[in-house]
Amino acid sequence: MLKSVIREHKDNFPDIFSKVCECMEVVFGLEVKEVDPTRHSYELVKTLNLTYDGMLSNDGRMPKTGFLILILGMIFMEGNCVPEEKIWKLLNTMGMYAGQEDFIYGEPRKLITKDLVEEQYLQYRQVPHSDPPDYEFLWGPRAYAETSKMKVLEFFAKISGTDPTSFLFWYEEALRDERSQARTVPGDDTTAIASENSSVTSILP
């Protein structure tokens, strides 16, 4: 990496690499972890134990884990259920629009209403008694199986440069959820395969 990419800025490599790692985690949902300090080798690991990256075909697309974390975080912070129109307001501010291909995530409407629903990360349902029909998003069973509200909150706190307790209302809810899950014995196979699928590749700077 030093020889091929940032030769003239090698003195600034630690700062550049730190910023790259931060962007990788926010945009792609990939955490850069050091594997061997002596060889300076690193491993890309999917954030929050999520096993999905959206790269199901050789279409040149990028990992979509970061997008999934964004949607899960919004659902959680909106009271565990968010109207579809609020999702689109957020995506529009990011320059993503229904029917328009995004060079990283593809067509967003298909991604949130079909792909992530079929993968059971999201529930997409009609709001009861709405006429004309309105729709809303909730966490799907696979999201609950692979991650938690606390992990999602910790992720957003990390990228905000703060502590989860700074978001006291959501922290208390996530803590209650953690305690509730601790009383139950998980019986889903999804978490069992998370570790073997979490490591996606290695890079050598």
Side-chain angles (χ1 to χ4, degrees), residues 25-30 46-57 59-156 159 167 169-170 173-174 176-178 180-181 184 186-194 197-198 200:
E25 191 164 10
V26 172
V27 177
F28 302 117
L30 296 174
K46 295 170 193 171
T47 305
L48 306 188
N49 294 328
L50 295 168
T51 60
Y52 173 81
D53 61 16
M55 300 174 68
L56 302 179
S57 61
D59 59 1
R61 300 256 181 239
M62 304 294 184
K64 301 176 178 65
T65 316
F67 181 93
L68 172 59
I69 295 170
L70 173 67
I71 301 300
L72 292 177
M74 185 175 184
I75 293 171
F76 167 38
M77 294 176 183
E78 288 287 336
N80 303 309
C81 181
V82 60
E84 182 178 12
E85 62 184 60
K86 281 196 172 184
I87 294 286
W88 284 113
K89 284 182 180 179
L90 172 65
L91 296 182
N92 290 168
T93 63
M94 298 168 58
M96 299 178 65
Y97 300 90
Q100 294 185 15
E101 286 281 321
D102 182 84
F103 78 101
I104 295 177
Y105 302 119
E107 203 283 297
R109 179 177 294 281
K110 177 178 178 292
L111 180 56
I112 62 174
T113 64
K114 184 176 184 295
D115 297 345
L116 293 175
V117 173
E118 290 180 351
E119 293 288 338
Q120 299 188 343
Y121 282 110
L122 298 179
Q123 291 185 53
Y124 179 60
R125 70 184 188 187
Q126 183 177 340
V127 177
H129 312 299
S130 59
D131 186 19
D134 292 318
Y135 292 86
E136 59 190 6
F137 289 92
L138 300 85
W139 280 29
R142 189 172 170 187
Y144 281 107
E146 292 185 356
T147 191
S148 68
K149 295 175 183 177
M150 185 62 77
K151 289 178 181 177
V152 170
L153 186 61
E154 288 171 347
F155 174 83
F156 282 97
I159 65 175
F167 308 101
F169 176 80
W170 294 310
E173 179 180 344
R176 288 194 298 269
D177 202 63
E178 293 272 289
S180 176
Q181 290 183 6
T184 63
D188 195 291
D189 293 335
T190 312
T191 51
I193 63 173
N197 290 336
S198 61
V200 294

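Distance NZ/Lys86 to SG/Cys81: 10.5 Å, rounded to 0.5 Å. From Tyr105, atom OH reaches atom NZ of Lys110 across 16.0 Å, with rounding to the nearest 0.5 Å. Rounded to the nearest 0.5 Å, atoms CZ (Phe67) and CD1 (Ile112) are 5.5 Å apart. Interatomic distance, CG of Asp131 versus NE2 of His129, reported as 11.5 Å (0.5 Å rounding). One distance of note links CD of Glu119 with NZ of Lys114; it measures 10.0 Å at 0.5 Å rounding. Rounding to the nearest 0.5 Å places CZ of Arg109 at 12.0 Å from CE of Met96.
The shortest distance between side-chain heavy atoms of Leu122 and Thr113 does not fall below 4.5 Å. No side-chain heavy atom of Ile69 sits under 4.5 Å from any side-chain heavy atom of Thr147. Using a 4.5 Å cut-off on side-chain heavy atoms (C-beta onward), Lys89 and Asn92 make no contact. Side-chain contact check for Phe137 versus Met74: every heavy-atom pair is 4.5 Å or farther apart. Between Tyr121 and Ile71 the shortest side-chain heavy-atom distance does not fall below 4.5 Å. The shortest side-chain heavy-atom distance between Met77 and Phe156 falls under the 4.5 Å cut-off. At least one side-chain heavy atom of Leu116 sits under 4.5 Å from a side-chain heavy atom of Leu111.
Smallest separation of non-hydrogen atoms from Val152 and Gly73: CG1-CA, 3.6 Å. When all heavy atoms of Leu50 and Glu146 are compared, the closest pair comes out as CA-OE1, 3.4 Å. When all heavy atoms are compared, the tightest approach of Leu138 to Asn80 is CG-O, 3.8 Å. Between Gly99 and Glu107, the shortest heavy-atom contact is N-OE2, 2.6 Å. Contact record, Pro108 with Tyr97: CG-O, 3.2 Å, taken as the closest heavy-atom pair. The two residues Gly106 and Glu101 come nearest to each other via the heavy atoms CA-OE1, 3.6 Å.
No donor-acceptor distance shorter than 3.5 angstrom exists from the side chain of Asp177 to the backbone of Glu173, with no hydrogens or angles considered. A side-chain donor-acceptor contact under 3.5 Å links Gln123 to the backbone of Trp139.
A salt bridge between Arg142 and Glu118 is absent, with no side-chain N of the basic residue lying under 4.0 Å from a carboxylate O of the acidic one.
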**OP:** Evaluate the side chain to side chain donor-acceptor pair (under 3.5 Å) criterion for residues Tyr124 and Glu84: first the C-alpha distance (whole Å), next the side-chain angles of each, then the deciding distance (0.1 Å), finally the verdict.
**Re:** CA-CA 9 Å; Tyr124 179 60; Glu84 182 178 12; 2.9 Å; yes

Subject >> Stepwise side-chain contact (heavy atoms from CB on, under 4.5 Å) check, Leu70 with Met94 >> reply: CA-CA 12 Å; Leu70 173 67; Met94 298 168 58; 3.5 Å; yes

